[in-house]
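Just below is one structure, and these are the notes that go with it.
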Amino acid sequence: MAINKKSALQEKQGVSQPETTSNFAAQQIIKSRSKQFSVDEFVTQILAGDIPFLSRAITLVESTNATHQQKANEILERCLPHANKSIRIGITGVPGVGKSTFIESYGTYLTNQDKKVAVLAIDPTSSVNKGSILGDKTRMEELVTDKNAFIRPSPSGTSLGGVAQKTRETIILCEAAGFDTIIIETVGVGQSETAVHSMVDFFLLLKIAGAGDELQGIKRGIIEMADAIVINKADGDNIQNAKIAKTEFNRALHLYPPKESSWQPKVLTCSALKHNGIAEVNTMVLEFLQLTKENNYFTKRRNQQNTYWLRATIEQQLKDNFYKNTAVKNQLEKEIQNLENGRTTPFNAAKKLLAL
Ligand code: GDP
């Protein structure tokens, strides 16, 4: 399958990018920006699968403006009954492993089967500097012009928690808009993998074969989270190495206790570039889906994730409200000084601040 090098994105090189990489959507947003739409209009259009409205609703979700947030919440609540009918797949791997090439290949494979694929990203670095690790400008050139695909770069935010919450909400909107496959991409920065794992059904670790040191350099816990390890770039001279890596990972995976899902994590090889092994990845995901739907783990885990996010949101809100409080802000500096001068203890200072 040839990659369409004439993507609209390339034609626009040098021009600042819109919030969404879906060009058509972006143009529509700009056109409609002057007009304020009602929650009703938003919901009707999102449920009809209207991409510009979906994009605009996500912009509301990502906004820090209180009025926007209020509107976003109303839209979300009304979309919620129409969400959930999807598979959510998390993909992680170090920069250069081939995540965007893989997502392009797998995404196109799915849209060719009339699936609707939304690609979201969690990149906590995007708020630190403008050039995020998951830079999206030249990525997924074919998928970006595919009418059955929707690609949205990582929301920016000061905390991973904030970024993750926005992504969670964006998933709901995408599902309500009829996207049946949600792919969430991340790089292993900080706890971003854990955040993605806590919002997906299937977690896929992308690797490349090295020189026999496959297991090195993998953060502790990632293998435990993985439902599959896919060794990419299994092409050309690299095929043999990929096979060796596969054996090693398989051996390593057997050292871990069985998963609650009773799914035995799998190791596959693929070439995202040559589109080899992609169908096998999909077959594996479908097997996982069948197993976990039959044994009810699928629903159980989504419920667990909802509870987790409920608690996480409460904690985040409490913290935010606390630090936003003017009395707290004023007193905090004083208490820090008191601490430095040995006039109070951390516990007394905290107690006093919390009482405010
Ligand atoms: P990301 O940083 O993880 O998103 O990685 P990219 O998808 O940008 O890929 C990094 C580089 O690896 C690019 O030059 C790709 O063309 C190349 N690449 C990706 N997948 C494959 C593959 O399956 N085989 C080969 N040979 N190269 C690949």
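A distance-only check finds no donor-acceptor pair linking the side chain of Asn238 to the backbone of Asn241 [under 3.5 Å]. The backbone N or O of Asp114 sits nowhere less than 3.5 Å from a side-chain atom of Thr111 that would complete a donor-acceptor pair. No donor-acceptor distance shorter than 3.5 angstrom exists from the side chain of Asn338 to the backbone of Ala349, with no hydrogens or angles considered. Without hydrogens or angle criteria, Lys99 side chain to Val94 main chain gives a donor-acceptor distance under 3.5 Å. The main-chain N or O of Ser271 is never found under 3.5 Å from a side-chain atom of His275 such that the two would form a donor-acceptor pair. Remark: the backbone N or O of Ile51 is paired with a side-chain donor or acceptor of Ser55 at under 3.5 angstrom.
Inspection of the Asn295 and Ser262 side chains reveals an N or O donor paired with an N or O acceptor under 3.5 Å. Judged by distance alone, the side chains of Thr194 and Gln191 do bring a donor and an acceptor atom under 3.5 Å apart. With hydrogens and angles left out, the side-chain atoms of Thr186 and Ser192 include a donor and acceptor closer than 3.5 Å. Checked by atom type, the side-chain pair Gln337/Glu333 shows no donor-acceptor distance below 3.5 Å. Side chains of Asn73 and Arg78: no donor on one and acceptor on the other come within 3.5 Å. Inspection of the Ser86 and Asp180 side chains reveals no N or O donor paired with an N or O acceptor under 3.5 Å. Side-chain N/O atoms of Gln290 and Glu294 include a donor and acceptor closer than 3.5 Å. Using modelled atom types and a 3.5 Å distance limit, the side chains of Gln304 and Tyr308 yield no donor-acceptor pair.
A continuous path of hydrophobic side-chain contacts links Tyr323 to Leu354 [ILVMFWY only; heavy atoms under 4.5 Å]. Put simply, Leu339 and Leu332 are part of two different groups of oily side chains (I, L, V, M, F, W, Y) that touch within less than 4.5 Å, one to the next. Note on Val230 and Val97: same hydrophobic cluster, where clusters join Ile, Leu, Val, Met, Phe, Trp and Tyr whose side-chain heavy atoms are under 4.5 Å apart, directly or indirectly. Put simply, Val281 and Ile239 are part of two different groups of oily side chains (I, L, V, M, F, W, Y) that touch within less than 4.5 Å, one to the next. A single hydrophobic cluster is seen to contain both Phe203 and Val267, as judged by linkage of ILVMFWY side chains at heavy-atom distances under 4.5 Å, directly or through other members.
Within a 6.0 Å radius of NZ in Lys259, more than 12 heavy atoms belonging to other residues, nucleotides or ligands are found. Under a cut-off of 6.0 angstrom, the local environment of CD in Glu77 is sparse, with at most 12 non-hydrogen atoms contributed by other residues, nucleotides or ligands.
Distance OG1/Thr181 to CG/Asn148: 10.5 Å, rounded to 0.5 Å. A distance of 8.5 Å separates CD1 in Ile151 from CD1 in Ile103, rounded to the nearest 0.5 Å. Ser100 contributes atom OG, which lies 9.0 Å from atom CD of Glu141 (distance to the nearest 0.5 angstrom). Taking NZ of Lys115 as the start and CD1 of Ile87 as the end, the distance is 9.5 Å to the nearest 0.5 Å. Atom NZ in Lys116 sits 10.0 Å away from atom CD1 in Ile182 (nearest 0.5 Å). Taken from CG in Leu204 to CD1 in Ile91, the straight-line distance is 5.5 Å, to the nearest 0.5 Å.
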Could you go step by step and tell me if Arg168 and Asn306 meet the side chain to side chain donor-acceptor pair (under 3.5 Å) rule? CA-CA 10 Å; Arg168 281 269 304 176; Asn306 281 336; 2.8 Å; yes
Checking side chain to side chain donor-acceptor pair (under 3.5 Å) for the pair Glu41/Gln45: CA distance, chi angles, key distance, verdict? CA-CA 6 Å; Glu41 279 172 297; Gln45 293 301 329; over 6 Å; no
Given the rule in the side chain to side chain contact (heavy atoms under 4.5 Å, CB included) test, do Arg301 and Thr292 qualify, once you have shown the distances and angles that lead to the verdict? CA-CA 9 Å; Arg301 174 142 162 86; Thr292 55; over 6 Å; no
Assess whether side chain to side chain contact (heavy atoms under 4.5 Å, CB included) is satisfied between Tyr297 and Trp263, documenting all intermediate values. CA-CA 10 Å; Tyr297 177 79; Trp263 170 253; over 6 Å; no
Take Phe102 and Ile278, measure what side chain to side chain contact (heavy atoms under 4.5 Å, CB included) needs, and give me the verdict at the end. CA-CA 8 Å; Phe102 177 82; Ile278 301 298; 3.9 Å; yes
Evaluate the salt bridge (Lys or Arg N to Asp or Glu O under 4.0 Å) criterion for residues Lys207 and Glu248: first the C-alpha distance (whole Å), next the side-chain angles of each, then the deciding distance (0.1 Å), finally the verdict. CA-CA 12 Å; Lys207 290 289 295 173; Glu248 270 193 43; over 6 Å; no
Side chain to side chain contact (heavy atoms under 4.5 Å, CB included), that's the test. Do Asp227 and Val285 meet it? Break it down for me. CA-CA 9 Å; Asp227 295 300; Val285 172; over 6 Å; no
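The shortest non-hydrogen separation linking Ile222 to Glu193 is CD1-OE1, 2.9 Å. What you find for Glu104 and Glu142 is that their closest heavy atoms are OE2-N, 3.0 Å. Residue Thr44 comes nearest to Asp40 through the heavy atom pair OG1-O, 2.7 Å, listed as atom of the first residue, atom of the second, then distance. For the pair Val163 and Ile122, the tightest heavy-atom approach, listed with the atom from each and the gap, is CG1-CG2, 4.2 Å. Considering all non-hydrogen atoms of both residues, Leu356 and Ala327 come closest at CD1-O, 3.8 Å. Contact between Pro155 and Ala121 at its shortest, heavy atoms only, is CD-O, 3.6 Å.
Side-chain atoms of Leu110 and Asn282, non-hydrogen and from C-beta on, do get closer than 4.5 Å to each other. Side chains of Val119 and Met140 form a contact here, defined as non-hydrogen atoms less than 4.5 Å apart. Contact check for Ile183 versus Tyr106: side-chain heavy atoms found under the 4.5 Å cut-off. Under the 4.5 Å side-chain criterion, counting only non-hydrogen atoms from C-beta, Ile171 is in contact with Arg88. In this structure the side chain of Leu120 never reaches within 4.5 angstrom of the side chain of Met199, judged on heavy atoms. Side-chain contact between Cys270 and Asn276 is absent, with no heavy atoms from C-beta onward closer than 4.5 Å. Ile46 has its side chain within reach of Ile75: a pair of non-hydrogen atoms, C-beta onward, lies under 4.5 Å apart. The side-chain heavy atoms of Leu60 and Gln69, taken from C-beta on, include no pair separated by under 4.5 Å.
A salt bridge does not link Glu175 with Lys85: every distance from a Lys NZ or Arg NE/NH1/NH2 to an Asp or Glu carboxylate oxygen is 4.0 Å or more. Remark: Lys300 engages Glu260 in a salt bridge, criterion side-chain N to carboxylate O under 4.0 Å. Look at Arg302 and Asp201 and you find a salt bridge, because one of the NZ, NE, NH1 or NH2 atoms lies within 4.0 Å of a carboxylate O, short of that distance. Ion pairing between Glu62 and Arg152 holds under the 4.0 Å rule for side-chain N and carboxylate O.
The aromatic rings of Phe179 and Phe150 lie tilted to each other, with the angle between the two planes from 30° to 60°.
Taking the six-membered ring for Trp and the full ring otherwise, Phe298 and Phe288 have centroids separated by 6.0 Å or more.
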